[in-house]
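Structure, as structure tokens:
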Amino acid sequence: MEISNIKATFPTTIENVWAIVTSLTDYSWRSDIDKIEVVNDTTFIEYSKTGTATTFTITVCNPLERWEFDMENKNMKGHWVGIFKPKNGYVEIDFTENVSAKKFLLKPFVKTYLKKQQSTYVRDLGKALADE
């Protein structure tokens, strides 16, 4: 299993960050997602721009504090933890992914892939918050 973590701070309210990150209907700010299909209250499927479908099952939802889910697609499976903290007029996000590659040949690339995905996500989130 590979673990990847990213932290970032934004000059906004925790309500803004939470609303954007947890919305399953407004994902236009995400440069890596083609669409999201909501299956039920705890399950959704993200489709990447390349067509990969990843199923997410929400395991923890403490509004404005913590959001967690299990995730799985044809290449990997794992768990994601998002922690949200207000700090002196700013909001700190602390996102950790714990992922295992399903295919042996992909194992050497998991850490690099996760870092790239997390960087893209934080960049896109920063742009979305700037537009608020």
Side-chain angles (χ1 to χ4, degrees):
M1 272 201 163
E2 291 290 341
I3 297 173
S4 186
N5 175 266
I6 193 164
K7 292 181 182 180
T9 305
F10 301 101
T12 188
T13 67
I14 197 159
E15 290 84 2
N16 284 345
V17 176
W18 181 264
I20 290 172
V21 170
T22 62
S23 176
L24 300 178
T25 56
D26 182 8
Y27 48 86
S28 60
W29 59 277
R30 302 263 318 264
S31 64
D32 59 335
I33 297 296
D34 186 45
K35 69 177 180 174
I36 295 177
E37 174 187 334
V38 177
V39 177
N40 57 43
D41 288 346
T42 59
T43 306
F44 61 97
I45 303 168
E46 284 186 355
Y47 295 87
S48 71
K49 297 279 186 184
T50 59
T52 301
T54 303
T55 301
F56 295 84
T57 303
I58 300 167
T59 57
V60 175
C61 183
N62 296 335
L64 307 178
E65 293 177 15
R66 187 180 196 96
W67 201 36
E68 294 187 35
F69 42 75
D70 293 329
M71 54 193 176
E72 185 169 5
N73 65 30
K74 65 183 179 182
N75 299 315
M76 64 85 187
K77 80 183 290 188
H79 190 76
W80 184 92
V81 177
I83 299 171
F84 304 77
K85 294 180 185 170
K87 288 193 170 184
N88 301 321
Y90 289 80
V91 176
E92 179 185 82
I93 59 167
D94 182 349
F95 296 165
T96 303
E97 291 183 75
N98 191 332
V99 173
S100 293
K102 289 184 171 181
K103 300 173 183 175
F104 181 76
L105 294 175
L106 296 177
K107 288 184 181 189
F109 306 103
V110 172
K111 186 81 163 185
T112 303
Y113 174 78
L114 290 176
K115 287 289 183 194
K116 180 180 178 280
Q117 287 293 107
Q118 287 179 323
S119 293
T120 299
Y121 188 94
V122 168
R123 183 194 69 225
D124 290 351
L125 179 57
K127 287 179 184 177
L129 288 165
D131 292 342
E132 284 286 307

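The structure presented is a predicted model; accordingly, all values stated were derived computationally and were not measured.
- Between Ile20 atom CD1 and Thr12 atom OG1 the span is 7.0 Å, to the nearest 0.5 Å.
- With sequence neighbours excluded, no residue satisfies side chain to side chain donor-acceptor pair (under 3.5 Å) with Lys116.
- In this structure, Trp80 and Trp67 have perpendicular ring planes: the angle between them is above 60°, well past the 30° mark.
- You'll find the side chain of Val39 stays beyond 4.5 Å of the side chain of Phe56, heavy atoms only.
- Asp124 contributes a side-chain N or O that, together with a main-chain N or O of Ser31, makes up a donor-acceptor pair within less than 3.5 Å.
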Given the rule in the side-chain hydrogen bond (donor to acceptor under 3.5 Å, both in side chains) test, do Ser48 and Asp32 qualify, once you have shown the distances and angles that lead to the verdict?
CA-CA 6 Å; Ser48 71; Asp32 59 335; over 6 Å; no
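- Closest of all the heavy-atom pairs between Val38 and Leu24 is CG2-CB, 3.8 Å.
- Using a 4.0 Å cut-off between charged nitrogen and carboxylate oxygen, Glu68 and Arg66 count as a salt-bridge pair.
- In summary, the side chains of Thr59 and Asp70 do not present any donor paired with an acceptor at a separation below 3.5 Å, with no hydrogens or angles considered.
- Around OH of Tyr113, the count of heavy atoms belonging to other residues, nucleotides or ligands within 6.0 Å does not exceed 12.
- Residue Ile6 is not grouped with residue Ile83 when hydrophobic side chains (ILVMFWY) are merged at heavy-atom distances under 4.5 angstrom, including chains of intermediate members.
- Applying the side chain to side chain donor-acceptor pair (under 3.5 Å) criterion to Glu72, with sequence neighbours excluded, gives Lys102.
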